[in-house]
Novice: 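I have a structure here, written as structure tokens, and I will follow up with some questions on it.
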Amino acid sequence: MKTRAIRTPASYIQAIRASGLTIYDQLPKDSPLFVPTRVLETILDEGLRGFSVAGMPLRTRSKAVKSEVCKALGYPVPKSFRKCKPYARFAAQNFDTYVQASDNLQIWNEELSPRRRYVLIAVGNEGTLQKVRIVTGETLAKLDTTGTLTQKYQARFVASVNALELVAPVDTMQVFPLLSAALTLVTASPTDDPLPGQVLPIQSVFDRLCPLVGRNFPDAGHDQERNRGAALHRLVCDALGYARYGDNGQFPDIRHQLLEVKLQTSPTIDLGLVAPSSTEPVDLDVLAEGSVRHCDVRYAIFGAQTDGTVVTLTRLALSTGEAFFKRFPRCEGRVLNKKLQIPLPRDFFWKAKR
């Protein structure tokens, strides 16, 4: 399984500048000029931080920030920034920019694109740019708790006779080069990219997660799904053998093990913008484009009950994305609104990347 060549942020900037290309010149994902997400975040965070937009009208501010983005990456600044539907405004690197003076992200007249990168830029009270965070549309969809964003894919959580169920006993062949049964995770981070020899087989994941059934944790409230999910996420990290909890909001939840975790106190499983069975690539930084597809990701579905005070885990079903809809019937979502409003978590820009 191929990994990307390790390159410094400066080497990407130099290569882009030397290419003579513009932000509108699309690149294949395996192009040496296409900047991996984490490197892109580093370049833009360092290049934009401290830039002042104080007193600028919104349109002026938007153009000024986009111009700084071009400079930071080594692209020439165009005279105007045109829309490139259905492509991102920065088509070459597949991203759009959003300057955030509040925690409410607004996207007008456009669906979230699962693989597009969304560059979110925090503005401080004094009008200077403070922080850059980059996520995919798929990750943004997971942050929506308002119902304004339709979950494109949903499935029904139908309980089986067995409380413990390994739906797919073997991983997809695509990820075989990543697997190692004799593996300890004490020194690794759940948010790391998966690497060859660092991913547990699905049977081992199942064996480690089974003891969680019967465990409980405090119920943060029926309107606190994100906090409920975080509590389960901590338990899963501990059960897998990680020394510490880590969550940066990316897909899948436990990136290092290609594991997405779902807590079900209701029969509807919200799956976001990409079907588990999709053969679309997962956005990874270290492995080459297409090394891991959505259908290769493992899904841990925990059934649970709550009395309003305590959530108790009652069931576990573990499946590959490839086998997911063979076990959980697919159902249709609602119609997407024209205006998407997604509340960002208060620590969104400052969440540690462990």
Novice: Using every non-hydrogen atom in the two residues, find where Glu165 and Arg327 come nearest and quote the distance to one decimal.
Specialist: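 Where Glu165 meets Arg327 most closely, the heavy atoms are OE2-NE, 2.8 Å.
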Novice: Do the non-hydrogen side-chain atoms of Phe302 and Val236 ever get within less than 4.5 Å of each other?
Specialist: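 Yes, close enough: below the 4.5 Å cut-off.
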Novice: Regarding Ser67 and Lys71, do their side chains bring together a donor and an acceptor under 3.5 Å, going by distance alone?
Specialist: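 No pair is found: no donor N or O on one side chain lies under 3.5 Å from an acceptor on the other.
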Novice: I'd like to check Phe348 versus Arg133 (side-chain heavy atoms, cut-off strictly below 4.5 Å). Are they in contact?
Specialist: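 Yes, at least one pair of side-chain atoms sits under 4.5 Å.
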Novice: Any donor and acceptor pair, going by atom type alone, linking the side chain of Gln93 with main-chain N or O of Gln26 inside 3.5 Å?
Specialist: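 Judged by distance alone, no pair lies under 3.5 Å.
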Novice: Look only at the side chain of Arg208 and the backbone of Gly241, and say whether a donor-acceptor pair between them is shorter than 3.5 Å.
Specialist: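 Judged by distance alone, no pair lies under 3.5 Å.
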Novice: Do Thr172 and Glu322 have side-chain atoms, one donor and one acceptor, less than 3.5 Å apart?
Specialist: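 Note: Thr172 and Glu322 side chains miss the donor-acceptor criterion.
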Novice: Hey, is the main chain of Pro252 close enough, under 3.5 Å, to the side chain of Glu138 for a donor-acceptor pair?
Specialist: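 A pair under 3.5 Å: no.
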Novice: Aromatic rings His256 and Tyr242: how do their planes relate, parallel, tilted or perpendicular, breaks at 30° and 60°?
Specialist: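 Ring orientation of His256 relative to Tyr242: perpendicular.
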Novice: Could you pull out the closest heavy-atom pair between Val65 and Leu48, with the gap in Å?
Specialist: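 Minimum heavy-atom separation between Val65 and Leu48: O-CD2, 4.4 Å.
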Novice: Which of these passes side-chain contact (heavy atoms from CB on, under 4.5 Å) with Leu200: Leu178, Asp171, Leu179, Val205?
Specialist: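 Passing option: Val205.
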Novice: May I ask you to check whether Thr22 and Asp25 show a side-chain donor-acceptor distance below 3.5 Å?
Specialist: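 Yes, because at least one side-chain N or O of Thr22 sits under 3.5 Å from a partner of the opposite role on Asp25.
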Novice: Between Leu164 and Phe206, is any pair of side-chain heavy atoms under 4.5 Å apart?
Specialist: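 Sidechains of Phe206 and Leu164: in contact.
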Novice: Would one find more than 12 heavy atoms of other residues, nucleotides or ligands at under 6.0 Å from atom CG of Asp307?
Specialist: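 Yes, enclosed.
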Novice: Examine the side chains of Asp283 and Thr136 and answer whether a donor and an acceptor come within less than 3.5 Å of each other.
Specialist: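 Absent: no donor and acceptor within the cut-off.
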Novice: Where is the tightest heavy-atom contact between Val167 and Pro169, given as atom of each residue plus distance?
Specialist: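 Taking Val167 first and Pro169 second, the nearest heavy atoms are O-CD, 3.7 Å.
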Novice: Would you kindly say whether Thr128 and Glu126 are connected by a side-chain donor-acceptor distance under 3.5 Å?
Specialist: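 Yes.
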Novice: Less than 4.5 Å apart, any side-chain heavy atom of Leu166 and any of Ile202?
Specialist: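 Yes - at least one pair of side-chain heavy atoms lies under 4.5 Å apart.
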Novice: Ignoring hydrogens and geometry beyond distance, is a side-chain donor-acceptor pair present between Gln250 and Thr139 at under 3.5 Å?
Specialist: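 On atom types as modelled, these side chains qualify, holding a pair under 3.5 Å.
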Novice: Is it true that the NZ or CZ of Arg89 lies under 6.0 Å from the centre of Phe81's six-membered ring and within 45 degrees of the ring axis?
Specialist: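 The answer is no, since Arg89 fails at least one limit relative to Phe81.
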Novice: Identify the two heavy atoms, one from Gln154 and one from Leu271, that lie closest to each other, and give their separation to 0.1 Å.
Specialist: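 Heavy atoms only, the tightest pair is C-CD1, 4.1 Å.
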Novice: Check whether any side-chain heavy atom of His294 sits under 4.5 Å from a side-chain heavy atom of Val282, and report yes or no.
Specialist: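 Side chain of His294 against side chain of Val282, heavy atoms only: contact under 4.5 Å found.
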Novice: I'd like to check Arg315 versus Val213 (side-chain heavy atoms, cut-off strictly below 4.5 Å). Are they in contact?
Specialist: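 No, side chains not in contact.
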Novice: Would you indicate whether the side-chain heavy atoms of Ile254 and Cys237 approach each other to under 4.5 Å?
Specialist: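 Side-chain contact under 4.5 Å: yes.
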Novice: Would you call Arg255 and Asp192 a salt bridge, taking side-chain N to carboxylate O under 4.0 Å as the test?
Specialist: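 Judged by the 4.0 Å cut-off on N to carboxylate O distance, Arg255 and Asp192 do not form a salt bridge.
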Novice: Quick one, Leu73 and Leu40 - any side-chain contact, counting heavy atoms below 4.5 Å?
Specialist: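 Sidechains of Leu40 and Leu73: in contact.
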Novice: Provide the closest heavy-atom pair for Leu21 versus Pro76 in the form atom of the first, atom of the second, distance.
Specialist: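 Minimum heavy-atom separation between Leu21 and Pro76: O-CD, 3.4 Å.
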Novice: Looking only at heavy atoms, what is the nearest atom pair of Leu313 and Ala304, with distance?
Specialist: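 Heavy atoms only, the tightest pair is CD2-CB, 4.1 Å.
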Novice: Students often mix this up, so state it plainly: with edges at 30° and 60°, are the rings of His233 and Tyr245 parallel, tilted or perpendicular?
Specialist: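 Judged by the thresholds at 30° and 60°, the geometry between His233 and Tyr245 is perpendicular.
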Novice: Look only at the side chain of Gln264 and the backbone of Ile301, and say whether a donor-acceptor pair between them is shorter than 3.5 Å.
Specialist: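 Not confirmed, Gln264 side chain does not pair with Ile301 backbone.
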